[in-house]
Amino acid sequence: MELDRRFRRGIIFILSAPSGAGKTTISRAALQRIGGLEPSISITTRTPRDGEVNGVDYRFVSDDEFRRIRDAGELAEWARVFDAHYGTPRAPIERAVAEGRDILLDIDIQGARQIRRNHPNDTAAIFVLPPSFGELEGRLRRRGTEDEAALQRRLLRARAEASAWNEYDYLIINAELEDSIAQLAAVVAAERMRTARLGPEFEPWRS
Ligand code: 5GP
């Protein structure tokens, strides 16, 4: 039985990975299959890829609009990744934490550092790595969303990013999607049971 959410704060689950690790697939599946986990919709200045829906995958904004939102203090974190800006809207996250709802942030390492610094007691950070660098390169090539130069930049960056794994609370080696989702579900379940998240008003045997 799950602990009553009225008595605990919501958890900010952070999922980061070098691109090509399979993180997007894991986070989509997790949102569908792990109960009570909500997405955070980031804003970005990047152009939408085929099949991406504004307001669902991201909120796609212009450079000017991004700057306005950021300068108004409406972002919990933001970062420049490749040639675009990305940011996590602050209000939905703070509301979720206060109301005991759990959210999943699919963000890069720079953003993860900011969120963890500002919400040290409300985060659980998970890093995803592919089983090998060759696997990562294969996945990025199969995805085929970039030209060769952009791909090479992503690969270089992925190598550097992989070394950040030890800043995170949990590491998932994504060899089999089903295993990885089960591991993520286990992390979510364990984090929800942590006594440290319960408020002083919690009484286990109150009927
Ligand atoms: P993509 O362009 O492939 O969707 O995402 C590129 C990278 O930006 C990924 O590592 C993704 O996790 C990260 N990202 C997406 N949204 C945000 C955000 O709101 N903040 C930060 N810091 N990174 C983000």
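Because the structure is a prediction, the values reported are computed rather than measured. One-based numbering, in listed order, for ligands and for the atoms of each.
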Novice: Considering only heavy atoms of Gly111, which atoms of ligand 1 have at least one such atom less than 4.0 Å away?
Specialist: 22 (N)
Novice: Which bit of Arg157 is near ligand 1, meaning a heavy atom under 4.0 Å away: side chain, backbone, both or neither?
Specialist: neither
Novice: Distance to 0.1 Å, residue and atom name: give those for the protein heavy atom nearest to atom 4 (O) of ligand 1.
Specialist: Tyr58 OH, 2.5 Å
Novice: Number the atoms of ligand 1 from 1 as they appear, then name those within less than 4.0 Å of a heavy atom of Ala79, with their elements.
Specialist: 22 (N)
Novice: Any atoms of ligand 1 less than 4.0 Å from a non-hydrogen atom of Glu77? List them with their elements.
Specialist: 18 (C), 19 (O), 20 (N), 21 (C), 22 (N)
Novice: In terms of atom number and element, which parts of ligand 1 are under 4.0 angstrom from non-hydrogen atoms of Arg46?
Specialist: 1 (P), 2 (O), 4 (O)
Novice: Identify, for atom 6 (C) of ligand 1, the protein heavy atom at the shortest distance, and state residue, atom and that distance.
Specialist: Tyr86 OH, 3.6 Å
Novice: Using a strict cut-off of 4.0 Å, indicate which atoms of ligand 1 neighbour a heavy atom of Arg49.
Specialist: 1 (P), 2 (O), 3 (O), 4 (O)
Novice: List the closest protein heavy-atom neighbour of atom 7 (C) of ligand 1: residue, atom name, distance to the nearest 0.1 Å.
Specialist: Val81 CG1, 3.8 Å
Novice: Does any part of the side chain of His119, heavy atoms only, come nearer than 4.5 Å to the side chain of Arg9, both counted from C-beta?
Specialist: no
Novice: So Trp78 and His85, would you call those rings parallel, tilted or perpendicular, with 30° and 60° as cut-offs?
Specialist: tilted
Novice: Can we say Glu137 and Arg154 salt-bridge, meaning some charged N sits less than 4.0 Å from an Asp/Glu carboxylate O?
Specialist: no
Novice: I need the contact type for Asp108 against ligand 1. Using non-hydrogen atoms and a strict under-4.0 Å cut-off, is it side chain, backbone, both or neither?
Specialist: both
Novice: Between Glu161 and ligand 1, which residue portion shows a heavy-atom distance shorter than 4.0 Å: side chain, backbone, both, or neither?
Specialist: neither
Novice: Which heavy atom of the protein is the closest neighbour of atom 19 (O) of ligand 1, given with residue, atom name and distance?
Specialist: Ser42 OG, 2.6 Å
Novice: Please identify which atoms of ligand 1 are closer than 4.0 Å to at least one heavy atom of Lys23.
Specialist: 9 (C), 10 (O), 11 (C), 12 (O)
